[in-house]
Number of protein chains: 2
Amino acid sequence: MDRHQTEKDDEASGQGRPTLKTLAFMTGLGVTTVSRALKDAPEIGAETRRRVQLVARQIGYRPNRAGVRLRTGKTNVISLVLNTEREIMSFVSDIIYGVSEVIADTPYHLIVTPYSRSQDPLDPIRYLVETGSADGVIISRTQPNDPRARYLLERGIPFATHGRTDMGLIHPYHDFDNYAFATEAVRHLTGIGRRRLALLAPPVELTYHSHTLNGFTDALSEVGANEIPFNTVSVDHSIEQIRMRTAQLMRRDVRPDGFVSSAAAATLAIVAGIEDAGLKLGRDVDVVSKQSSDLLHLFRRELLVVNENFRLAGAELARSVLGWIGGAAPGSLQSLSVPTEVLAYRRPD
Amino acid sequence: MDRHQTEKDDEASGQGRPTLKTLAFMTGLGVTTVSRALKDAPEIGAETRRRVQLVARQIGYRPNRAGVRLRTGKTNVISLVLNTEREIMSFVSDIIYGVSEVIADTPYHLIVTPYSRSQDPLDPIRYLVETGSADGVIISRTQPNDPRARYLLERGIPFATHGRTDMGLIHPYHDFDNYAFATEAVRHLTGIGRRRLALLAPPVELTYHSHTLNGFTDALSEVGANEIPFNTVSVDHSIEQIRMRTAQLMRRDVRPDGFVSSAAAATLAIVAGIEDAGLKLGRDVDVVSKQSSDLLHLFRRELLVVNENFRLAGAELARSVLGWIGGAAPGSLQSLSVPTEVLAYRRPD
DNA sequence: GTGACAATTTGTAACGTTTCAGTATATAGA
DNA sequence: TCTATATACTGAAACGTTACAAATTGTCAC
């Protein structure tokens with residue numbers, strides 16, 4: 001009965017990671033006081049607060065994530081949900097870096113939650129929510145009527161979408177202004193004398209399909225040029241498919257003299273198709289393409305490009321999610337990125 | 001004294017996520033029994049085991065990660081450590097997908113831990129170890145004498161490296177056989193009559209620099225061809241730099257008639273530089289390049305390519321780390337990926 | 001019927017954190 | 001001097017899990 005209570009608490013100075021108990025032992029305070037002192041709670045004396053924080057910094061105290069998570073439910077995790085087959089390559093790496101940049105000096109970790117073609121896109125979201133694995137979610141490939149956004153809104157889980165929805169519901173998003181991209185592309189092409197334009201659009205199910213298509217057709221009627229239908233393929237199709245369809249199209253009597261392409265990889269295929277048909281880029285046809293890294297001008301100098309910055313998108317999305325978690329109004333966390341002008345090749349200095 | 005102990009445990013049937021307590025309540029067993037029944041402990045009766053597992057499946061029980069992690073220290077997390085400035089773009093996305101594929105039906109989550117140019121590469125590793133944030137780590141950009149590998153070995157943290165080290169220490173790795181790549185490339189180039197070859201190598205500090213270089217020079221002396229030094233740039237340099245240096249090189253009296261390039265993006269720059277100097281690919285010079293996605297042949301049909309599969313690398317690395325965590329010998333978790341042969345353009349069917 | 005033994009099952013404590021409901025001390029008001 | 005009130009601090013309980021030590025039950029030999 002003598003040594004009994006004493007022993008168990010004592011060795012708080014042990015060599016393992018410091019915990020609140022360690023700090024309590026070192027400062028001579030109670031665990032509760034230390035906990036509150038570290039988060040600037042009001043009822044802690046100014047000197048005590050400073051003292052605790054000093055010691056904590058000195059010994060490199062870091063709150064145990066599992067402890068916090070178990071007690072509070074807060075995971076300090078943001079999940080990026082990605083389709084393992086269909087995402088644009090540079091999108092994945094750039095968006096991850098953008099997110100990382102923003103969460104770098106926060107306690108947040110980034111987890112990547114993949115889903116494959118065969119799965120319901122709602123599956124990974126359900127998993128995250130049911131297991132409480134993240135405080136916030138970032139989703140891509142957003143649809144006008146997006147079940148994932150609806151689901152997350154219903155459960156009150158903070159999230160942000162890359163691309164907008166169209167359900168009359170308010171949530172954070174970041175989007176590239178694809179309407180503006182398409183109109184600018186059409187204006188540029190007609191400005192250099194092209195009259196019969198084809199659009200390689202995003203997949204129909206995604207919201208930015210109609211944004212792009214509307215910009216394209218609105219600008220066409222504005223300038224009085226013609227659309228050559230090219231909707232048997234989208235940027236989601238394989239390089240080979242796009243190449244083949246392009247070649248078929250270019251062998252017709254009425255063929256486009258201008259293309260607008262929503263993705264860089266697809267543009268490579270379009271150009272290949274054009275050349276398969278024996279035509280020449282810049283002479284017989286011009287192509288305006290979005291790109292996210294600066295490679296298209298190395299590919300063919302005749303290409304016309306508009307840049308989309310995915311790293312920025314990642315940063316904005318992360319900021320939005322953190323903002324929502326922090327209590328900001330979802331409606332105030334929406335942003336739209338304005339396209340650069342259409343850029344022709346410039347010789348390096 | 002009558003209702004006192006009773007109340008607190010009772011409402012285990014509540015609507016929140018089911019826990020062991022919920023299962024215990026439903027089966028009429030103790031929490032401990034349920035816990036052990038779920039992990040097939042030997043001292044649980046066969047029928048009890050089945051009953052518990054059935055109920056658990058029915059109500060969709062999932063162990064609380066925070067609870068497990070707090071109690072056992074097991075995080076069920078694999079961390080992929082990436083340099084946010086220098087990684088190859090397709091590497092990031094493919095390796096993530098490769099890892100995801102392998103951990104998909106395990107309880108593991110993948111977290112991405114980034115570090116930037118300015119940081120010591122050891123920083124993120126230290127962070128992971130000190131905070132106990134992961135059960136296993138995957139690192140890239142491996143060096144012959146890699147402080148990260150050494151550090152992790154010292155602490156006994158399971159990890160796998162993309163690329164080998166050369167410290168006389170044993171650890172899991174996955175590597176592409178860059179020696180074989182370089183020798184094959186040289187043999188192919190000399191086979192089509194090229195005699196003066198230049199190598200665009202990986203950065204000197206990485207292990208695969210010397211693998212590549214050795215393969216290159218060994219094959220050169222084997223076939224009796226000459227090296228044109230080109231070591232002012234590496235694949236880590238900017239597109240503009242490589243392009244400029246290539247153009248300079250190609251304007252010299254003694255210029256290469258063949259290139260071996262260790263990365264696809266760099267190859268675009270090499271070709272641009274060749275063309276800047278007024279020379280023609282396939283006629284004046286041939287280029288053999290590694291690529292990780294099938295785009296180089298769209299770029300220039302004259303290019304000769306060797307494929308490196310990063311998705312496979314990700315999968316192998318994940319398998320290695322999980323293997324080590326599962327108790328396998330580190331030395332048994334090493335793999336080398338054999339290059340494809342050198343591939344010329346093939347017209348699509 | 002008793003004791004020994006194996007086969008099952010169980011309560012308690014602990015991981016590190018935060019919240020709740022306090023206690024102790026000082027300060028002020030009467 | 002006493003009660004009220006604010007200030008500063010504190011122990012106990014809980015989140016969900018697993019390890020430990022112990023308890024309960026049944027079986028069998030004697």
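Labels below follow one simple rule: chain letters A, B, ... track the order of the sequence lines, proteins then strands, and each chain is numbered from 1.
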- Any residue meeting salt bridge (charged side-chain N to carboxylate O under 4.0 Å, His left out) with B/Arg86, in chain and number order, not counting sequence neighbours: B/Asp236
- Message: Show me the pairs that pass side-chain hydrogen bond (donor to acceptor under 3.5 Å, both in side chains) and involve residues 46-63 of chain A, at least two apart or across chains.
- Response: A/Asp40-A/Gln53
- Message: Please report the distance, rounded to the nearest Å, between CG in A/Leu23 and P in D/dC9.
- Response: 15 Å
- Message: What is the distance, to the nearest angstrom, from the CG atom on B/Asn76 to the P atom on D/dT17?
- Response: 13 Å
Which atom pairs link the protein and nucleotides 6-11 of chain C when you take only N or O atoms and keep those under 3.5 Å?
{"from": "C/dT9", "atom 1": "OP1", "to": "B/Thr48", "atom 2": "OG1", "distance (Å)": "2.8"}
{"from": "C/dT9", "atom 1": "OP2", "to": "B/Gly45", "atom 2": "N", "distance (Å)": "3.2"}
{"from": "C/dT9", "atom 1": "OP2", "to": "B/Thr48", "atom 2": "OG1", "distance (Å)": "3.3"}
{"from": "C/dT10", "atom 1": "OP2", "to": "B/Gly30", "atom 2": "N", "distance (Å)": "2.7"}
{"from": "C/dT10", "atom 1": "OP2", "to": "B/Thr33", "atom 2": "OG1", "distance (Å)": "2.7"}
{"from": "C/dG11", "atom 1": "N7", "to": "B/Thr32", "atom 2": "OG1", "distance (Å)": "3.2"}
{"from": "C/dG11", "atom 1": "O6", "to": "B/Thr32", "atom 2": "OG1", "distance (Å)": "2.8"}

- Task: Give a yes/no on whether any side-chain N or O of A/Lys21 is located under 4.0 angstrom from OP1 or OP2 of C/dG16.
- Result: no
- Query: Which residue pairs pass the ring-ring contact (aromatic ring centres under 6.0 Å, His included) test when at least one of the two sits in residues 110-138 of chain A, sequence neighbours left out?
  - Reply: A/Tyr127-B/His109
- Item | Within residues 26-36 of chain A or reaching into it, pairs that qualify as side-chain hydrogen bond (donor to acceptor under 3.5 Å, both in side chains) - sequence neighbours excluded | A/Arg36-A/Glu43
- According to the salt bridge (charged side-chain N to carboxylate O under 4.0 Å, His left out) rule, which pairs have a member within residues 126-137 of chain A, sequence neighbours left out? A/Lys74-A/Asp135, A/Asp123-A/Arg126
- Task: Report the residues that fulfil salt bridge (charged side-chain N to carboxylate O under 4.0 Å, His left out) with B/Arg319, sequence neighbours left out, ordered by chain and then residue number.
- Result: B/Glu316
- Message: Without decimals, in angstroms, what is the distance between B/Arg71 CZ and C/dC15 P?
- Response: 8 Å
- Task: Please work out which residues in residues 53-64 of chain B have a non-hydrogen atom less than 4.0 Å from an atom of DNA chain D and list them by number.
- Result: B/Tyr61, B/Pro63, B/Asn64
- Query: In whole angstrom, what separates A/Leu20's CG from C/dT19's P?
  - Reply: 12 Å
- For B/Arg164, the salt bridge (charged side-chain N to carboxylate O under 4.0 Å, His left out) test, sequence neighbours excluded, returns B/Asp175
- Query: B/Leu38 CG to D/dG16 C1': how many Å, rounded?
  - Reply: 13 Å
- Query: What is the minimum heavy-atom distance between A/Ser140 and A/Glu87, and which atoms define it?
  - Reply: OG-OE2, 2.8 Å
- When the ring planes of A/Phe91 and A/Phe310 are compared, do they come out parallel, tilted or perpendicular, using 30° and 60° as the limits? perpendicular
Only distances under 3.5 Å count here; give the side-chain donor-acceptor pairs of residues 96-103 of chain B to other protein atoms, sequence neighbours excluded, each with its distance to 0.1 Å.
{"from": "B/Tyr97", "atom 1": "OH", "to": "A/Asn83", "atom 2": "O", "distance (Å)": "3.2"}
{"from": "B/Ser100", "atom 1": "OG", "to": "B/Ile96", "atom 2": "O", "distance (Å)": "2.7"}
{"from": "B/Glu101", "atom 1": "OE1", "to": "B/Arg311", "atom 2": "NE", "distance (Å)": "3.3"}

- Just how far, in rounded Å, is C1' of D/dA14 from CG of B/Leu70? 12 Å
- Task: For A/Arg148, check salt bridge (charged side-chain N to carboxylate O under 4.0 Å, His left out) against everything at least two apart and list the hits.
- Result: A/Asp146
- In whole angstrom, give the distance that lies between atom CD of A/Glu47 and atom P of D/dT7. 18 Å
Table of protein N/O atoms under 3.5 Å from nucleotides 26-28 of chain C N/O atoms:
none

- Message: Without decimals, in angstroms, what is the distance between A/Asp40 CG and D/dC9 C1'?
- Response: 17 Å
- Message: Any base atoms under 4.0 Å from A/Ser35, or only sugar-phosphate, or nothing? Heavy atoms, all strands.
- Response: base
